[in-house]
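The block underneath contains the structure these notes are about, expressed in structure tokens.
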Amino acid sequence: MLGIFSKQFLNSAKISNKRAVLPALAQAKFCSGAAHKYILTEINDKVGIIRLNRPKALNALCNDLFTELNESLKDLDSNDQIGAIVLTGSDRAFAAGADIKEMQNKNMVESYTRELLGHWTEQILRLKKPLIAAVNGYALGGGCELAMMCDIIYAGEKAVFGQPEINLGTIPGAGGTQRLVRAVGKSKAMEMILTGTVNLSAQEACSAGLVSSVYPVDKVLEKAIETAKIISSKGLPSVMMAKEAVNTSFELPLSSGLQFERRLFQATFGTKDQKEGMSAFAEKRKPKFTNE
């Protein structure tokens with residue numbers, strides 16, 4: 001969940017501050033939009049791209065940033081021309097945590113009654129389109145939790161993942177105690193969360209199953225966009241149903257999950273994309289999906 005950490009703590013992560021050269025396709029078209037101060041957005045060939053943009057705060061996650069992020073995600077999810085979304089930060093930090101200064105003086109009653117952090121997952125959990133995280137640098141506290149909210153995580157080779165909230169007298173509050181266990185197992189998750197000092201390198205995160213792939217710093221966003229374009233070339237109803245089936249597997253017992261999957265599978269036979277996909281296979285040609 002939390003924070004902008006001390007200089008000593010950040011130095012211990014041993015991440016180079018050398019600026020990576022991002023691919024031209026990811027550099028040129030970002031724009032803030034009329035109402036956006038903390039994120040930059042781009043649409044690139046059926047892929048929506050969002051970059052967190054609080055460089056002086058290492059992309060610390062504040063309320064206004066999440067309000068803007070939720071707005072942008074909602075817009076991209078409802079855009080019929082978009083098939084997948086990529087979320088990224090800077091070369092130094094995906095997000096170094098939540099903005100501690102914004103929440104340090106809140107009390108328990110205020111936090112509970114006003115549902116502190118409740119809006120963090122509001123739109124992400126409603127997304128029907130796949131969301132891919134392209135992570136460079138620090139993904140600590142809330143930054144790690146935000147990455148885990150995504151469907152796929154790609155990491156730059158110098159990325160670091162951690163949940164150091166215990167050092168601030170609190171615990172993760174945006175999914176860290178829940179999603180991290182599912183990703184890396186109970187023992188490693190407990191070690192990371194209870195000590196607040198054990199972090200995962202990109203390579204360790206990949207070996208543990210938290211991250212799908214590790215790439216050079218200047219290639220991770222490009223690779224995420226490539227994957228998003230592949231997904232966007234498929235039939236969107238099937239992509240959405242597949243995502244829903246996988247996410248539901250975490251909520252249901254196996255027997256119920258298998259039945260849910262089977263019902264969605266059967267539902268695809270009411271789409272034009274299923275007819276086109278199977279006809280194209282039989283005719284040995286490339287399918288032309290119309291998202292119908």
Side-chain angles (χ1 to χ4, degrees), residues 1-7 9-15 17 20 38-40 50-70 73 85-103 116-117 119-121 123-124 131-168 170-180 183-184 189 192-193 196-202 204-206 208 210-212 214 217 220-221 224:
M1 174 180 59
L2 302 169
I4 305 174
F5 299 103
S6 68
K7 184 176 181 180
F9 181 85
L10 292 176
N11 287 341
S12 70
K14 297 181 180 179
I15 299 180
N17 291 337
Y38 296 121
I39 65 170
L40 304 173
I50 302 173
R51 186 194 296 279
L52 306 180
N53 187 43
R54 291 190 74 195
K56 293 182 180 180
L58 295 178
N59 291 332
L61 304 171
C62 61
N63 283 330
D64 288 345
L65 184 151
F66 256 97
T67 296
E68 293 179 7
L69 178 59
N70 285 333
L73 288 171
I85 304 166
V86 173
L87 177 63
T88 193
S90 68
D91 55 310
R92 285 193 67 197
F94 177 71
D99 193 329
I100 296 173
K101 293 180 180 180
E102 187 175 70
M103 64 177 66
L116 181 62
L117 302 189
H119 71 301
W120 278 33
T121 61
Q123 187 58 41
I124 293 179
L131 179 62
I132 303 174
V135 178
N136 270 319
Y138 308 118
L140 303 175
C144 185
E145 290 171 308
L146 178 57
M148 289 191 292
M149 293 178 205
C150 300
D151 301 304
I152 300 171
I153 304 175
Y154 285 170
E157 57 192 357
K158 295 181 180 180
V160 173
F161 299 83
Q163 298 286 167
E165 289 87 348
I166 203 77
N167 299 321
L168 301 173
T170 187
I171 68 171
T177 65
Q178 305 300 303
R179 294 189 178 94
L180 190 62
V184 304
M192 293 173 67
I193 291 168
T197 58
V198 175
N199 299 321
L200 295 180
S201 67
E204 290 169 334
C206 190
L210 177 62
V211 166
S212 295
V214 178
V217 172
V220 61
L221 178 56

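This is a predicted model, so every value here is computed, not measured.
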Any donor-acceptor N/O pair, N167 side chain to G196 backbone, under 3.5 Å: yes

Check: A134 main-chain N/O paired with T88 side-chain donor or acceptor under 3.5 Å: yes

Spacing of M192 atom CE and N199 atom CG [to the nearest 0.5 Å]: 6.0 Å

Full working for side-chain contact (heavy atoms from CB on, under 4.5 Å) between V217 and E157: CA-CA 6 Å; V217 172; E157 57 192 357; 4.1 Å; yes

Partner set under side chain to side chain contact (heavy atoms under 4.5 Å, CB included) for E204, not counting sequence neighbours: L200, S201

Residue pair C206 / V214: nearest heavy atoms and the distance that separates them: CB-CG2, 3.7 Å

Shortest non-hydrogen separation from P172 to G176 and the atoms involved: CB-CA, 3.8 Å

Partner of F94 by side chain to side chain contact (heavy atoms under 4.5 Å, CB included), out of L140, I153, L146, V160: L146

Reference residue I50; test side chain to side chain contact (heavy atoms under 4.5 Å, CB included); the match among L131, V86, L40, I39: I39

Donor-acceptor pair, side chain of E145 and main chain of G175, under 3.5 angstrom: yes

Contact summary for C150 and L87, nearest pair of heavy atoms: SG-CD2, 4.2 Å

Side chain proximity check, L52 to L61, heavy atoms < 4.5 angstrom: yes

Point-to-point distance, once rounded to the nearest 0.5 Å, from CD1 of I85 to CD1 of I132: 10.0 Å

With sequence neighbours excluded, residues passing side chain to side chain contact (heavy atoms under 4.5 Å, CB included) with C62: Y38, R54, D64, L65, D99, E102

Least distance between heavy atoms, S212 atom then Y154 atom: CB-CE2, 3.7 Å

Those residues that, when tested against A189, pass side chain to side chain contact (heavy atoms under 4.5 Å, CB included) (two or more places apart): L180, V181, V184

